[in-house]
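Below is one structure, written out as structure tokens; the observations come after it.
Within every chain, numbering begins at 1; the chains are lettered A, B, ... in the order of the sequence lines, protein sequences first and strands thereafter.
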2 protein chains.
Amino acid sequence: MAKIPSQLLKGTLEGALLLIIARGETYGYAVQTTLAELGFGTVPEGTIYPLLLKMQKQGLIAAERHASKTGPDRKYYHLTAAGQTAIASFVPRWQQLAQAMARLVEAKDETSQ
Amino acid sequence: MAKIPSQLLKGTLEGALLLIIARGETYGYAVQTTLAELGFGTVPEGTIYPLLLKMQKQGLIAAERHASKTGPDRKYYHLTAAGQTAIASFVPRWQQLAQAMARLVEAKDETSQ
DNA sequence: GCCTATACTTTGCATTGCAAGGTAGGAGGG
DNA sequence: CCCTCCTACCTTGCAATGCAAAGTATAGGC
């Protein structure tokens, strides 16, 4: 799976993390695995953890530490009401962008051959 | 048409401009109109012109100035071979990102009600 | 004891979108 | 003739974000 360039990810990643956490409580390390499984490629720790902390400070997600039997403690995040609101505003913007890009890409496919 | 947040546009815009110029020679001011028509919202001049200059320096596009009957000179851009290559590498990355996001958004639609 | 996988944090840099301001031509109204 | 608007381009400086790099720490296998 090819790596998605940093600049393409910009801004999208916050929405992606919100949507992942919305599916059920998770922790940073697991989020990284989930992103890879979804096709986002390997998003480095130096991206994920600072972003989670920022979102926590903004009140979009909240955290609780729990012990793990297979390693160090995990910091489990879950969505707050503000996080729900953020998702509700993110999704349509993303869809708008995706549609606009789709128009360009499809138009290109037609003309390029 | 709602405005797409800056952070979502990051990186995407360069690809969008390449695809627009690939459809046929255009100039900055017209690109702005085209973006709006495609659904990208109003992308400010302070975004478009610096980006076009950067892409020109990188050799992805080339420019020629021509007079206009209805106003100041226009700087027409057209794609170079390097620009074609850039499109060829951009499009699959974008599609990868769009697919990964689609999985998350669709999953959300199912669970949310 | 050492190495690997797991798990989180912090610092500093590079890139990019954009607000704000500047320059300038042509057309129309006052 | 001046003023305003639309057209058309450029530059400066700031803010946001991804990420490399380095550090800390637990658990298990060799």
Side-chain angles (χ1 to χ4, degrees), chain A residues 3-18 21 25-36 40-58 60-61 63-77 86 90 93-94 97 100, chain B residues 3-18 25-36 40-58 60-61 63-77 86 90 93 97 100:
Chain A
K3 190 175 181 300
I4 294 176
S6 314
Q7 300 308 328
L8 260 192
L9 268 181
K10 293 243 181 191
T12 308
L13 208 52
E14 179 169 329
L17 292 202
L18 284 172
I21 295 171
E25 212 177 37
T26 16
Y27 55 99
Y29 196 82
V31 165
Q32 191 180 28
T33 309
T34 304
L35 283 170
F40 286 91
T42 302
V43 181
E45 300 182 348
T47 296
I48 294 175
Y49 289 116
L51 182 50
L52 287 171
L53 289 174
K54 192 203 84 177
M55 286 160 62
Q56 188 183 1
K57 277 178 196 160
Q58 291 175 337
L60 305 180
I61 55 179
E64 287 162 23
R65 282 193 111 90
H66 296 300
S68 162
K69 292 170 187 170
T70 63
D73 286 1
R74 295 171 179 169
K75 193 171 167 187
Y76 285 88
Y77 290 98
F90 167 80
R93 304 308 169 116
W94 167 260
L97 175 61
Chain B
K3 190 175 181 301
I4 295 176
S6 314
Q7 299 309 326
L8 259 192
L9 268 182
K10 292 246 180 192
T12 308
L13 209 51
E14 179 169 330
L17 292 203
L18 285 172
E25 212 179 36
T26 16
Y27 55 99
Y29 196 82
V31 165
Q32 191 181 27
T33 309
T34 304
L35 283 169
F40 286 91
T42 302
V43 181
E45 301 183 351
T47 297
I48 294 175
Y49 288 117
L51 182 50
L52 287 172
L53 288 174
K54 192 202 83 179
M55 288 161 61
Q56 188 183 2
K57 278 179 195 159
Q58 290 176 338
L60 305 180
I61 54 179
E64 286 162 25
R65 283 193 110 93
H66 295 302
S68 162
K69 293 172 189 170
T70 63
D73 287 1
R74 296 170 179 169
K75 194 171 169 188
Y76 285 89
Y77 290 98
F90 167 80
R93 305 307 168 117
L97 176 61

Interatomic distance, [X] [atom1] vs [N] [atom2] [rounded to whole Å]:
X	N	atom1	atom2	answer
L51(B)	dC9(D)	CG	P	14 Å
Q32(B)	dA19(C)	CD	P	11 Å
K54(B)	dT15(C)	NZ	C1'	8 Å
R74(A)	dA5(C)	CZ	C1'	12 Å
L13(A)	dG18(D)	CG	P	5 Å
Y27(A)	dT26(D)	OH	C1'	13 Å
I48(A)	dA20(D)	CD1	P	12 Å
I61(B)	dC9(D)	CD1	P	12 Å

N or O in side chain of [X] less than 4.0 angstrom from [N] OP1/OP2:
X	N	answer
K10(B)	dC18(C)	no
S68(A)	dA7(C)	yes
Y49(A)	dT9(C)	no
K75(B)	dC10(D)	yes
T47(A)	dC19(D)	yes

query = Can you find a pair of side-chain heavy atoms, one from Q56(A) and one from Y77(A), that are under 4.5 Å apart?
reply =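 They are in side-chain contact.
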
message = Do I61(B) and L17(B) make a side-chain contact, defined as non-hydrogen atoms from C-beta onward lying under 4.5 Å apart?
response =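 Heavy-atom side-chain distance check fails, nothing below 4.5 Å.
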
key: Residue whose closest nucleotide on DNA chain D lies nearer the 5' end, Q58(A) versus P72(A)   =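 Comparing both residues, the 5'-ward one is Q58(A).
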
query = Of all the nucleotides listed (dC18(C), dC8(C), dC9(D)), which has the minimum atom distance to the side chain of R65(A)?
reply = dC8(C)

task = Please determine, for the side chain of Y29(B), which listed nucleotide (dA19(C), dC9(D), dT6(C)) has the closest atom?
result =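 The listed nucleotide nearest to Y29(B)'s side chain is dC9(D).
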
inquiry  = Looking at Q32(B) and T42(B), would you say the former's side chain and the latter's main chain have a donor-acceptor pair under 3.5 Å?
reply    = no

query = When the nearest nucleotide of DNA chain C is assigned to G71(A) and to P50(A) on a heavy-atom basis, which residue is associated with the more 5' position?
reply = G71(A)

ask   = Base, sugar-phosphate alone, or nothing: which one does L53(A) contact when heavy atoms must sit under 4.0 Å apart?
value = sugar-phosphate

request  = Could you label the plane-to-plane angle of the Y27(A) and Y76(A) rings as parallel, tilted or perpendicular, counting under 30° as parallel and over 60° as perpendicular?
outcome  =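 Rings of Y27(A) and Y76(A): perpendicular, as their planes differ by over 60°.
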
Heavy-atom closest pair, residues G11(A) and F90(A) = O-CE1, 4.3 Å

inquiry  = With hydrogens left out and only the distance checked, is there a donor-acceptor pair under 3.5 Å joining E45(B)'s side chain and the base of dC18(C)?
reply    = no

